[in-house]
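All figures in this text were calculated on a predicted structure; none of them were measured in a lab.
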Amino acid sequence: MRPNTRLLQIAVHILFSVQLLSVNSAYAEAKQTINIAYFTQEQKVPPPLSNLDAFIPNKGILGSELAIDDNNTTGQFTGQKFVLKKIIVPLDGDVAEAFNKEVGDQFSHVVLNLPAELTNNIADLPAAKQKLLFDAATVDDALRNEQCRNNVLHLLPTRAMRADALAQYMMKKRWNKWFLVIGASEEDRLFAEAIKRAAKRFGMKIVEEKTWEHTYDARRTAQSDVAVFTQVDDDYDVLVVADEQGRFGEYLEYRTWNARPVIGTQGLVATSWHRTHEQWGAVQIQNRFKEQAGRWMEEQDYAAYLAVRAIGEATTRTKSNDVNTLKNYMLSAAFALQGYKGNPLSFRSWDGQLRQPVLLAAPRSMVAVAPIEGFLHPKTELDTLGYDQPESTCKWSK
Amino acid sequence: MKQNVFGLFLTMALTGAAQAETVFVTLEKDNALAVVDPVAGKLIKTVEIGQRPRGIAISPDNKFLYIAISDDNTIKIIDAETLKETGKLPSGEDPETFALNPAGDRLYVSNEDDSQVTVIDIKRKKAVKQIKVGVEPEGITVSPDNLWVASASETTNMVHWIDTKTNAIVENTLVDPRPRALSFTADSQQLWVTSEMAGTLMVLDAKTKQIIKNIKFDVQGVTADKIQPVGVVIDKDRRRGYVALGPANRVAVVNAQTFEVEKYLLVGQRVWNLAFSPDQKRLYTTNGTSNDISLIDLETQTVTKSVGVGTYPWGVAVKP
């Protein structure tokens with residue numbers, strides 16, 4: 001029933017579009033074409049941790065596709081045509097070589113979905129100098145601070161923004177004493193650093209800190225492992241876990257020695273997007289995405305969506321396709337991107353980070369949205385999350 | 001003491017002057033319609049209406065209510081006296097906002113997920129046309145002279161001007177981000193449009209379709225990102241317009257001649273939609289998260305009362 005209705009609707013759409021195009025001057029002819037590249041590399045399939053979540057190979061791409069459609073719906077009225085070229089470097093391919101060859105001088109706007117190190121390698125290529133790169137994947141604070149690049153804008157909230165969001169919520173709940181559990185990877189260490197920074201900022205106390213050293217296939221042994229592991233001297237209000245790959249964090253909840261909530265990378269998580277998010281028109285984009293992609297929208301999809309929409313919004317407003325014009329506009333106070341989170345989204349002029357509310361979500365319920373009410377800022381409360389201008393060590397000239 | 005006597009006198013004066021009007025409020029989360037006597041300041045009753053009711057309008061002859069029942073994918077026709085359902089209109093999926101033409105025989109629905117506006121012939125209860133518009137159309141209104149349907153798309157950031165004779169878009173005006181609601185002045189000369197993201201009200205000239213005035217709201221003690229203008233109404237003499245400012249919990253009073261913001265009235269939380277009393281002496285607001293409506297006396301420009309109605313009051317319509 002449903003696919004048929006949909007087909008019929010599409011047919012009706014096409015009919016009307018064609019009819020209107022032929023008779024109606026309100027649908028402007030494309031006078032300007034904006035070419036956008038989406039650049040990523042194939043990912044290795046990680047070892048499965050459970051049978052629940054299948055590996056999603058195309059995170060990000062589908063978000064950029066939805067945004068291109070949205071841009072073009074607008075473009076039909078403004079005479080602008082948006083074209084997306086997707087470049088996927090094979091697992092064993094040379095990313096820099098592929099960038100030089102495939103992106104070259106044909107594209108000035110590039111959405112990147114690459115790990116932190118590769119992102120900066122690409123940003124430093126001579127071919128990337130006169131481009132505007134949109135980082136839709138990294139969460140590293142270093143890339144917005146000492147390692148920042150003036151040709152890169154960042155879409156996803158950093159670890160510090162996430163940790164601050166969690167800290168605000170814990171402060172509100174008066175969970176003042178934290179037990180920090182850290183995984184073995186470098187990413188886990190960085191997340192733990194962000195948590196420690198947040199604890200200091202908001203006057204919270206880390207009463208215990210331990211590194212997870214038990215097995216990673218804990219399906220059989222978690223019950224005893226976690227109980228022993230969480231028997232600590234100091235009493236704590238909440239267990240904060242740093243396990244970005246999800247190698248053990250899921251096993252903590254319900255198994256701690258004392259009954260305590262779990263928060264961090266598992267349990268209550270801080271994220272830019274979540275399937276339980278439905279306020280501020282989010283239901284609409286969740287529906288549109290699911291209809292097109294056949295799955296829920298992931299964070300990278302949201303980031304890539306915002307990147308392509310930011311390009312659309314800036315080109316529509318400035319009527320320009322010039323990199324510097326667009327960049328200046330995006331970093332100006334006039335730029336306001338609609339991101340289905342109530343507040344308008346904008347870029348921080350000091351490091352190119354997108355300022356945005358951070359969602360605090362449990363697996364099946366949206367618990368809170370940070371900034372939490374009561375955390376004030378003279379300019380915008382969104383800047384209570386992450387590195388504010390006075391703290392930033394990024395030195396880029398616009 | 002003196003104040004009390006004055007207050008009592010005022011209440012009596014108001015009661016004396018008021019008609020016996022009825023305010024209808026859709027309750028998005030209660031799946032119900034609240035019926036309020038605004039003069040007595042009382043909730044009279046609440047009736048089940050369908051899953052997730054939002055947009056509401058009353059027919060020009062005040063006999064029927066049209067209510068968008070979002071999760072049932074229909075617009076119900078409700079007898080305004082008996083509150084019984086008398087029919088359904090083919091609204092398309094997930095209807096939220098819609099507009100009636102002045103004659104009351106055409107209804108224009110925004111279909112947010114499909115980026116289109118559906119035109120419904122009310123007598124025949126039939127969809128007669130689908131018009132392709134921008135992404136996520138929401139606010140929609142018909143000019144009192146019945147020349148234009150103005151539709152705002154939230155993600156495309158445009159107002160589309162649809163000719164009512166041909167049902168085709170004739171012109172598009174780029175506006176501030178996430179336009180939410182729009183309303184024509186009674187003389188059809190101006191279209192007022194609110195932008196939720198920019199925190200602005202734009203006044204468009206209906207002849208040139210250009211923005212002639214952009215008003216930025218600024219409430220002391222409220223950060224700019226909380227000021228999210230939604231519903232807008234203008235009185236029939238074009239003396240003042242009123243704008244609901246969402247989570248800023250205020251209604252802005254705008255001088256419709258000078259475009260100065262005269263006042264911000266504190267109402268309930270996340271104020272969303274607005275409706276005048278038939279004599280335009282009062283204004284009613286739906287306050288989404290405080291679950292009430294505020295009654296504003298427009299002669300004194302004060303909020304006189306709030307009436308609890310139920311969960312998530314969304315739309316409001318008034319029957320004389």
Side-chain angles (χ1 to χ4, degrees), chain A residues 5-6 9-10 12-17 19-21 23-28 66-67 69-78 280-281 283-285 287-288 291 309 312-313 316-317 319 333-346 355 357 371 373 376-382, chain B residues 52 70-71 92-94 96 111-118 127 129-138 153-163 166-174 176-180 195-200 209 221 223-228 246-247 270 288-289:
Chain A
T5 327
R6 189 64 206 160
Q9 277 177 346
I10 292 167
V12 169
H13 285 181
I14 293 168
L15 263 177
F16 279 124
S17 310
Q19 196 188 349
L20 288 178
L21 268 176
V23 298
N24 204 323
S25 61
Y27 293 79
L66 181 65
D69 290 353
D70 283 5
N71 283 2
N72 277 321
T73 308
T74 306
Q76 68 182 329
F77 303 113
T78 57
W280 302 300
V283 171
Q284 270 83 43
I285 191 172
N287 288 345
R288 288 194 291 125
E291 195 156 320
R309 286 290 299 133
E313 177 66 15
T316 305
R317 298 280 169 191
K319 299 184 178 71
F335 183 76
L337 188 63
Q338 127 78 342
Y340 303 93
K341 286 186 184 169
N343 304 60
L345 314 183
S346 53
R355 47 165 86 80
E373 200 167 345
L376 303 177
H377 190 280
K379 224 173 110 199
T380 159
E381 278 145 32
L382 293 178
Chain B
R52 205 168 174 221
S70 298
D71 286 357
E93 273 184 66
D94 194 24
E96 180 180 352
N111 296 121
E112 225 172 345
D113 289 356
D114 295 320
S115 301
Q116 65 184 21
V117 167
T118 299
K129 178 124 186 177
Q130 260 113 19
I131 306 159
K132 208 59 188 125
V133 292
V135 184
E136 294 177 0
E138 175 140 341
S153 33
E154 284 177 348
T155 298
T156 297
N157 304 326
M158 271 180 191
V159 171
H160 309 287
W161 299 79
I162 300 166
D163 184 332
T166 59
N167 282 331
I169 296 178
V170 179
E171 212 156 328
N172 307 285
T173 312
L174 195 61
D176 284 348
R178 206 164 152 87
R180 279 301 292 267
S195 155
E196 188 181 65
M197 293 269 118
T200 56
K209 320 276 186 290
T223 52
D225 41 20
K226 283 246 165 63
I227 300 173
Q228 298 173 10
R270 205 170 74 174
T289 49

**Study point:** Salt-bridge present (A/Arg288, A/Asp69; N to O < 4.0 Å)
**Key:**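 Looking at A/Asp69 together with A/Arg288, the answer is no, because their closest N to O distance does not fall below 4.0 Å.
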
Exercise for review: For the pair B/Arg178 and B/Glu138, find out whether any cationic side-chain nitrogen is under 4.0 Å from an anionic carboxylate oxygen.
Suggested key: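 A salt bridge is absent here (no side-chain N lies under 4.0 Å from a carboxylate O).
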
Practice item. Would you mind checking which part of B/Arg180 comes under 4.5 Å of any heavy atom in chain A, side chain (CB onward), backbone (N, CA, C, O), both or neither? Key: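 For B/Arg180, no heavy atom lies under 4.5 Å from chain A.
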
Check your understanding: Side chains of B/Asn157 and A/Gln338: do they bring a donor and an acceptor to under 3.5 Å?
Key ->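 No - no donor-acceptor pair under 3.5 Å links their side chains.
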
Practice item. Check whether A/Asn343 gets within reach of chain B through its side chain, its backbone, both or neither, counting any heavy atom under 4.5 Å. Key: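 Both backbone and side chain.
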
Review point. Of the backbone (N, CA, C, O) and the side chain (C-beta and beyond), which part of A/Leu376 lies under 4.5 Å from a heavy atom of chain B, both, or neither?
Key: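 Looking at A/Leu376, nothing touches chain B.
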
Check your understanding: What option among B/Lys226, B/Glu154, B/His160 has the most heavy-atom pairs under 4.5 Å with chain A?
Key ->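 Between B/Lys226, B/Glu154, B/His160, the count favours B/His160.
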
Review point. Between B/Thr166, B/Asp94, B/Asp176, which shows the greatest number of heavy-atom pairs under 4.5 Å with chain A?
Key: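 Looking at each of B/Thr166, B/Asp94, B/Asp176 in turn, B/Asp176 comes out on top.
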
Exercise for review: Look up atom CG in B/Asn172 and atom CD in A/Gln76, then write down how far apart they are to the nearest 0.5 Å.
Suggested key: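 Result: 8.5 Å between the selected atoms.
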
Exercise for review: Using side chain to side chain donor-acceptor pair (under 3.5 Å) as the criterion, point out the one residue from A/Asp70, A/Thr74, A/Asn71 that pairs with A/Arg309.
Suggested key: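 By the side chain to side chain donor-acceptor pair (under 3.5 Å) criterion, A/Arg309 pairs with just one of A/Asp70, A/Thr74, A/Asn71: A/Asn71.
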
